[in-house]
Amino acid sequence: MAATTKKVLGIVLAGGEGKRLMPLTLDRAKPAVPFGGHYRLIDFALSNLMNSGLRQVVVLTQYKSHSLDRHISTLWRMSGLFNSYVTSVPAQQRLGKRWYLGSADAILQSLNLIYDEKPDYVVVVGADHVYRMDFEQMIDAHIASGADCTVAAIRQPIGLANQFGVIDVDPEDPATIREFLEKPAAPQGLPDSPGEVLASMGNYVFTTEALIEAVRADGENTESNHDMGGDIVPYFVGRGSAGVYDMKNNDVPGSTSRDRYYWRDVGTIESYFDAHQDLISVLPVFNLYNDEWPIFSRQDNMPPAKFTRDARGTLSTVIDSIVSLGSVISGAHIERSVLGPRSSVESGAMLTDSIVFEQSRIAAGATVRRAIVDKSAIVEPGATIGVDAELDRSRGFTVTETGITVVGKGVRVTRD
């Protein structure tokens with residue numbers, strides 16, 4: 001294919017603060033937030049790039065990046081042969097002593113990486129979305145189109161348009177972007193599907209020289225927010241050189257009719273929680289078990305998960321759930337939940353509709369409902385989470401409008 005004859009550099013934007021995911025981002029960068037047991041959010045972007053054949057990838061980091069940098073350095077090790085690498089690059093302050101002002105400014109401050117590698121094309125992706133995508137197919141489409149910028153987009157019901165950046169296409173040429181609309185109230189539907197719009201996925205392919213010119217011009221614009229979607233894409237739209245890549249044209253090996261076009265922005269506690277529920281249904285909305293397009297993550301030296309009776313002979317019951325390696329379930333009931341590595345749920349404990357991170361302990365007789373329990377937390381014997389929202393708030397826990405309780409990292413929950 002055309003992409004294989006061209007040099008492509010991958011840039012992963014991983015410097016976001018993730019305020020809407022607090023307190024999960026209190027002590028870690030948003031892309032480092034655990035997901036689906038033993039994965040991190042960034043593993044989805046990096047796995048898609050690797051499976052697509054990209055072998056030179058830089059990850060631009062900024063806020064609270066230690067655990068993210070460590071994850072990349074220990075897991076995403078590539079052979080030095082053929083100049084293959086995945087490497088994290090912190091904010092370098094090459095243009096003055098300042099942090100990144102936005103995603104476009106992050107690339108502007110990191111142009112040395114592009115100059116060093118001299119790619120023909122640059123793929124720019126976010127680090128906190130859950131999806132599968134073959135970028136080689138998008139790169140080929142970009143090259144064939146002759147556009148300077150191509151934006152990946154996924155079809156969404158028109159009623160949800162006010163939640164996304166929406167791509168308004170030219171009816172005469174549906175592959176060309178006429179306008180980029182930020183969370184529009186009343187957009188037009190697609191020419192071939194009036195009940196749908198194209199929502200930006202936050203993934204882009206650029207012809208290198210055009211990208212360099214765009215971020216330089218943006219850096220000189222004092223009125224810009226220096227955002228890839230809000231400023232750089234409109235720059236190319238104004239020049240008539242912005243195209244759209246419809247995900248319906250992307251054929252990922254091993255995908256099912258249920259998860260073929262799955263994409264979630266897990267930027268809020270609610271969307272993060274809902275994305276986990278998508279994993280555990282009998283026919284998962286997003287299938288982690290696709291061996292033809294694997295999602296790579298760490299492979300720790302841990303024993304298998306273990307399910308035992310408790311001292312009274314009570315059986316453990318686990319229904320519609322994911323249990324990670326190293327976990328021990330002893331006479332407890334787990335339903336519609338995701339349990340991280342090396343965690344334990346003890347005798348008589350009830351864990352339902354919940355997400356439990358690594359090395360957490362749900363002690364005997366405890367009840368956890370519709371909750372997220374961060375790493376190394378302890379729910380003491382008989383304690384409850386998610387049973388009484390006012391009690392949870394009084395203890396300093398985050399409780400969302402939809403009733404999801406979030407317990408922070410290392411917190412000990414006592415019985416009241």
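- Using a 3.5 Å distance cut-off with no hydrogens or angles, the side chains of His38 and Ser297 do not pair a donor with an acceptor.
- Taken from CD1 in Ile362 to CD1 in Ile334, the straight-line distance is 9.0 Å, to the nearest 0.5 Å.
- Ion pairing of Asp320 with Arg336 is absent here, as no side-chain N (NZ or NE/NH1/NH2) approaches a carboxylate O to less than 4.0 Å.
- Under 3.5 Å, the side chains of Ser88 and Asp69 contain a donor-acceptor pair of N or O atoms.
- Between Phe206 and Phe236, the ring center distance clears the sub-6.0 Å criterion.
- Checked by atom type and distance alone, the side chain of Ser110 never pairs as donor or acceptor with a backbone atom of Ile107 at under 3.5 Å.
- Separation of atoms CD1 (Ile177) and CD1 (Ile167) is listed at 4.5 Å; rounding is to 0.5 Å.
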Dump the intermediate steps for side-chain contact (heavy atoms from CB on, under 4.5 Å) on Arg216 and Leu111, then the final yes or no. CA-CA 10 Å; Arg216 281 178 170 172; Leu111 283 179; 4.3 Å; yes

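- Checked by atom type, the side-chain pair Trp293/Asp134 shows no donor-acceptor distance below 3.5 Å.
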Output, in order, the C-alpha distance, side-chain angles, deciding distance and verdict of side-chain contact (heavy atoms from CB on, under 4.5 Å) for Val368 and Thr352. CA-CA 6 Å; Val368 179; Thr352 57; over 6 Å; no

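- Residue Glu292 holds its CD atom at 6.0 Å from CG of Asn290, rounded to the nearest 0.5 Å.
- Two residues are said to be in side-chain contact when any heavy atoms from C-beta on lie closer than 4.5 Å; Tyr204 and Val233 meet this criterion.
- Annotation: side chain of Val244 is in contact with side chain of Val169 (closest heavy-atom distance under 4.5 Å).
- Screening Asp353, Ile404, Val387, Leu351 for a side-chain contact (heavy atoms from CB on, under 4.5 Å) involving Arg369 leaves a single residue, Val387.
- At least one side-chain heavy atom of Val59 sits under 4.5 Å from a side-chain heavy atom of Val86.
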Could you check Val125 against Ile11 for side-chain contact (heavy atoms from CB on, under 4.5 Å), going step by step and ending with a plain yes or no? CA-CA 6 Å; Val125 304; Ile11 298 179; over 6 Å; no

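- Checking Thr268 against Ser271 by side-chain atom types alone, a donor-acceptor pair falls below 3.5 Å.
- Here the shortest heavy-atom pairing between Ile158 and Val197 reads CG1-CG1, 3.7 Å.
- A distance of 11.5 Å separates CG in Leu108 from OG in Ser103, rounded to the nearest 0.5 Å.
- Judged by distance alone, the side chains of Thr176 and Asp173 do bring a donor and an acceptor atom under 3.5 Å apart.
- In summary, Glu390 and Arg393 engage in a salt bridge, as defined by a charged side-chain N under 4.0 Å from a carboxylate O.
- The local environment of OH in Tyr115 is crowded, with over 12 non-hydrogen atoms from other residues, nucleotides or ligands closer than 6.0 Å.
- Using a 4.0 Å cut-off between charged side-chain N and carboxylate O, Asp278 and Arg264 make a salt bridge.
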Derivation of the side-chain contact (heavy atoms from CB on, under 4.5 Å) call for Arg395 and Val413: CA-CA 9 Å; Arg395 295 186 288 190; Val413 182; 3.6 Å; yes

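- No side-chain donor from either of Ser84 and Arg55 sits under 3.5 Å from a side-chain acceptor of the other.
- Classification of Arg132 and Asp259 as a salt-bridged pair holds, one side-chain N sitting under 4.0 Å from a carboxylate O.
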Pair Asp218-Ser224, side-chain hydrogen bond (donor to acceptor under 3.5 Å, both in side chains): steps then yes or no: CA-CA 7 Å; Asp218 180 75; Ser224 174; 2.5 Å; yes

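- Side chain of Ser330 to backbone of Val345: no donor-acceptor contact under 3.5 angstrom is found.
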Table please: side-chain donor-acceptor pairs of residues 178-185 below 3.5 Å, with sequence neighbours left out.
{"residue": "Arg178", "atom": "NE", "partner": "Asp168", "partner atom": "OD2", "Å": "2.9"}
{"residue": "Arg178", "atom": "NH2", "partner": "Asp168", "partner atom": "OD1", "Å": "3.3"}
{"residue": "Arg178", "atom": "NH2", "partner": "Asp168", "partner atom": "OD2", "Å": "3.1"}

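- When side chains are defined from C-beta on, Ile42 counts as touching Leu68, because their heavy atoms get closer than 4.5 Å.
- Looking at Leu49 and Ser52, their side chains never come closer than 4.5 Å, going by heavy atoms from C-beta outward.
- In this structure, His142 has its ring center no closer than 6.0 Å to that of Tyr245.
- Each of Arg28, Lys409, Arg412 was checked for a salt bridge (Lys or Arg N to Asp or Glu O under 4.0 Å) with Asp374, and the lone residue meeting it is Arg28.
- Salt-bridge annotation for Glu117 and Lys7: present, with a side-chain N of the basic residue lying under 4.0 Å from a carboxylate O of the acidic one.
- Side-chain N or O atoms of Ser73 include one that pairs as donor or acceptor with a backbone N or O of Arg70 at under 3.5 Å.
- For Thr207 (side chain) and Glu209 (main-chain N/O), no donor-acceptor pair under 3.5 Å exists by modelled atom type.
- Residue Ile72 holds its CD1 atom at 6.0 Å from CG of Leu46, rounded to the nearest 0.5 Å.
- The closest side-chain heavy-atom distance from Tyr100 to His226 is not below 4.5 Å.
- Other residues, nucleotides and ligands contribute at most 12 non-hydrogen atoms within 6.0 Å of the CG atom of Asp291.
- With contacts defined as side-chain heavy-atom distances shorter than 4.5 Å, the pair Pro294/Asn51 qualifies.
- Using a 4.5 Å cut-off on side-chain heavy atoms (C-beta onward), Val8 and Val123 make contact.
- Between Phe286 and Tyr262, the ring planes are tilted. Angles from 30° to 60° get that label.
- Interatomic distance, CD of Glu270 versus CG of Leu21, reported as 9.5 Å (0.5 Å rounding).
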Going through the checks in order, is the salt bridge (charged side-chain N to carboxylate O under 4.0 Å, His left out) test met by Arg239 and Glu213? CA-CA 12 Å; Arg239 295 162 60 97; Glu213 180 182 337; 3.4 Å; yes

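- Taking the six-membered ring for Trp and thresholds of 30 and 60 degrees, Phe35 and Tyr272 have ring planes more than 60 degrees apart, a perpendicular arrangement.
- The closest donor-acceptor contact from the side chain of Thr405 to the backbone of Ile385 lies at 3.5 Å or more, if one exists at all.
- Of the listed residues (Val379, Thr367, Asp392), just one forms a side-chain contact (heavy atoms from CB on, under 4.5 Å) with Thr384, and that residue is Thr367.
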